[in-house]
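For reference, the structure discussed in these notes is given below.
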Amino acid sequence: MTRKLRLVIFTLVALTLAPALAHAKRHRFAGPHPMAGGAPFCHIEVEHIHGSGVADNDVAFRAHGQARVFVGDPVAHGYDGPKFAYFGAHPIAVGAFTHSHADDDDIVYCYLAGPHWHVAPPLATASATFTMDDGIYFYVGAFPEAFFEAEPAYARINVSYRAAYVRPVVVAPPPPAWHASAKADIEFAVMIDAPAVVVVPPSVDVEVGAPSVDVEVRGGAGIGIGAGGGVRGGVVIEAPSIDIRPPSIEINAGIGISAGGGVVVGGPAPPPPPRGKVKVKVKGGAGGKVKFKGGGGDRW
Amino acid sequence: MSPRARTWLLTCVAMLAGAGALAGCGDKKSAGSSGVREAWQAAGLEVTAFASVDGANYAGGKCRAGKVAGLDAVLCDYADDAALSRGVEAGYASLGDETAAVVQHGRSILIIADRARVDPDGQRLNRASNLFRGIE
């Protein structure tokens with residue numbers, strides 16, 4: 001092969017591959033999302049592309065066509081725009097984040113336990129399955145089987161958010177219509193009741209019946225959810241510091257205790273997560289309330 | 001066909017074409033490309049003049065290019081949905097690795113790109129695209 005011919009072939013190949021290689025660097029997103037390397041949080045709602053500098057946290061993203069949609073907590077990534085408080089796992093219509101009706105029917109799931117933020121409220125069409133209590137959205141609908149199937153993988157997102165950041169302040173127990181369905185939420189709800197509550201699925205009824213319950217969760221890291229032994233799927237709730245006041249809290253967790261062991265906060269590994277709903281009641285007496293606070297001025 | 005009949009025929013064809021063009025104008029108004037410059041200006045965004053560009057680069061659309069809020073922007077209108085789909089693809093093909101979007105509204109698209117890296121958090125691009133979509 002002559003040198004000239006080789007040059008021609010090389011040029012043709014380069015010209016053919018150049019556009020493909022250039023496009024290979026693109027990352028397509030739908031809705032706002034964090035960027036990598038300390039770059040500012042991206043506020044673009046409509047589907048868009050970036051060439052580089054994109055956060056690569058798989059458990060915080062879901063597929064949406066050719067794009068990815070961020071379902072984590074934007075505030076943990078420095079977002080300071082309009083935000084809306086949620087409690088526990090819930091579905092997200094992608095259209096809520098992109099403001100595009102074409103995306104309204106694509107439902108993805110957030111597995112964040114406890115109070116957290118998103119950039120948009122639920123769609124008006126989903127209002128029947130959400131209830132707002134004290135400025136916080138609680139999902140009161142049912143989850144499909146696909147939610148539980150993906151839970152072991154996606155619930156790891158809670159590990160990512162172990163570090164302290166300003167979460168929504170919750171000053172009352174979840175509304176009665178809310179049930180902890182996601183495993184992390186079940187553990188979260190149990191953990192905030194008391195450090196030694198034993199909860200056994202599938203029939204759990206934890207009642208904290210005290211004249212005046214005032215639970216404060218403090219600490220710079222707030223309530224951390226970290227990886228570790230104890231819970232199948234690698235997620236365990238760790239409470240750095242829980243102060244429970246007043247001194248006497250009656251906890252009735254005996255209902256449904258049966259074969260299969262139990263979920264013990266800080267204890268050994270629990271059984272597989274229950275399908276369906278696990279009811280966790282937190283009942284306070286007159287003026288009873290549950291507070292979640294972060295230390296050092298970082299309230300969450 | 002007599003010369004007179006041919007003249008009438010041509011006149012009719014021209015009128016029909018004109019009617020079609022007017023109908024097209026109506027579509028464009030609802031599509032958001034015709035009034036978007038005014039919407040951007042009203043929202044306080046800096047907008048340059050938009051000059052016609054070769055639509056062949058955008059799958060045969062009727063296109064204009066300029067800048068909004070320091071971002072490169074191309075507005076294209078299409079005659080039908082099939083052409084619009086080709087225009088969206090052509091819009092993406094025209095982009096490099098910069099932060100950018102191809103925003104669709106009606107039978108118009110906005111190709112908007114931050115080639116000068118002036119919008120690190122995407123707020124300008126978000127505002128311009130939302131105004132184009134008519135949701136702000």
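Within 6.0 Å of CD on Gln66(A) lie no more than 12 heavy atoms contributed by other residues, nucleotides or ligands.
The CG atom of Asp119(B) lies 6.5 Å from the CD1 atom of Ile44(A); values are rounded to the nearest 0.5 Å.
Contact annotation: the side chain of Arg133(B) approaches that of Ser100(A) to within less than 4.5 Å [non-hydrogen atoms, C-beta and beyond].
Tyr92(B) carries Arg28(A) over the face of its six-membered ring, with the cationic atom under 6.0 Å from the centre and within 45° of the normal.
For the options Gly122(B), Ala100(B), Ala101(B), Ser129(B), heavy-atom pairs under 4.5 Å to chain A are most numerous at Ala100(B).
When heavy atoms are compared at a cutoff of 4.5 Å, Asn130(B) approaches chain A solely by way of its side chain, counted from C-beta outward.
The minimum heavy-atom distance between Gly96(B) and Ile49(A), with the atom names listed, is O-CD1, 4.2 Å. Taking every heavy atom of both residues into account, Asn126(B) and Val46(A) meet most closely at OD1-N, 4.4 Å. Here the shortest heavy-atom pairing between His50(A) and Thr99(B) reads ND1-OG1, 2.8 Å.
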Would you tabulate the side-chain donor-acceptor contacts of residues 40-58 of chain B under 3.5 Å, counting partners in other chains and residues two or more places apart, or write 'none'?
| from | atom 1 | to | atom 2 | distance (Å) |
| --- | --- | --- | --- | --- |
| Trp40(B) | NE1 | Ala128(B) | O | 2.9 |
| Thr48(B) | OG1 | Lys67(B) | N | 2.7 |
| Thr48(B) | OG1 | Lys67(B) | O | 3.4 |
| Asp54(B) | OD1 | Ala56(B) | N | 3.0 |

